[in-house]
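Here's the structure, in structure tokens; my notes come after.
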Amino acid sequence: EPEVTQTPSHQVTQMGQEVILRCVPISNHLYFYWYRQILGQKVEFLVSFYNNEISEKSEIFDDQFSVERPDGSNFTLKIRSTKLEDSAMYFCASRAAGGQETQYFGPGTRLLVL
Amino acid sequence: SQKIEQNSEALNIQEGKTATLTCNYTNYSPAYLQWYRQDPGRGPVFLLLIRENEKEKRKERLKVTFDTTLKQSLFHITASQPADSATYLCALVRVGGNKLVFGAGTILRVKS
């Protein structure tokens, strides 16, 4: 069964450093998402991406964040200058087109900012 | 304000019994609602989706109901097993929306 994959599984970085989190969505999916989950809290929406552009973003997704689909398979989330409060699990999700509403999630990247 | 609420306390049940989890929402017009399972340190795993015009959906031992008048969804696991122990998340998508808005989740513990 096709799956969303994410790399790395864990990332430790120093405050102020840039990180890039990578995702390979399910191959025939057209909608892509990033969510995050701070330890012990709800899963929160960050951004959605369709047709090579951001379709919606949350208040969390400020100028320090960016997304890109550099080729036909990868979908990346970049945090330009990490803060301590960016420490969280980051989940990528994807869904097919049309009436297929289900979003399928990857296993997540655990980001720790020191 | 908009809220999605799930039982904050863990649900402890005996193996073989039916587990019932609740998701209540306020100030939303959901197009559909999804239930996910999440194990510690893992990503949410899709279980069931129910649309606003549907009352009930079933999949194997799972059943979800959706009452837009009560603004509530119930998620049932029949003949529960210890392997069903996990956190169960309810998530809505608004009419015309795209993103999932999650509840905090309910921890289910099934004891043998």
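Note on naming: letters A, B, ... go to the chains in the order of the sequence lines (proteins, then strands), and numbering restarts at 1 for each one. Note that the structure is a prediction, hence the values are computed from the model and not measured.
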Within residues 81-89 of chain A, the residues sitting under 4.5 Å from chain B by heavy atom, in sequence order, are A:Met89
Would you say that more than 12 heavy atoms from the other residues, nucleotides or ligands in this model lie under 6.0 Å from the CD of B:Glu60, or not?
no
Flag if over 12 foreign heavy atoms under 6.0 Å of CZ, B:Arg37
yes
How about residues 96-112 of chain B versus chain A: which residues have heavy atoms under 4.5 Å apart?
B:Asn98, B:Lys99, B:Leu100, B:Phe102, B:Gly103, B:Ala104
With a 4.5 angstrom heavy-atom cut-off, is it the side chain or the backbone of A:Ser55 that approaches chain B, or both, or neither?
side chain
Honestly, the part of B:Ile4 sitting under 4.5 Å from a heavy atom of chain A is backbone
Take atom CG of A:Asp71 as the centre, draw a 6.0 Å sphere, and report whether it contains more than 12 heavy atoms from other residues, nucleotides or ligands.
yes
Flag if over 12 foreign heavy atoms under 6.0 Å of CD, A:Glu3
no
Cluster check A:Val67, A:Tyr35: I/L/V/M/F/W/Y, side chain < 4.5 angstrom:
no
Tabulate, in ascending numerical order, the residues of residues 37-53 of chain A having at least one heavy atom closer than 4.5 Å to a heavy atom of chain B, or enter 'none'.
A:Gln37, A:Lys42, A:Val43, A:Phe45, A:Ser48
Check step by step if side-chain contact (heavy atoms from CB on, under 4.5 Å) holds for A:Phe91 and B:Gln38.
CA-CA 12 Å; A:Phe91 297 112; B:Gln38 188 176 31; 3.6 Å; yes
Is A:Gln103 close to chain B through its backbone or its side chain, or both, or neither, when contacts mean heavy atoms under 4.5 Å?
both
Are any non-hydrogen side-chain atoms of A:Glu101 and B:Leu49 less than 4.5 angstrom apart?
yes
Within the supplied structure, the quantity of interest is the number of heavy atoms (other residues, nucleotides, ligands) at a distance under 6.0 Å from A:Lys57 NZ; does it exceed 12?
no
By residue number, those in residues 105-114 of chain A with heavy atoms under 4.5 Å from heavy atoms of chain B are A:Phe105, A:Gly106, A:Pro107, A:Arg110
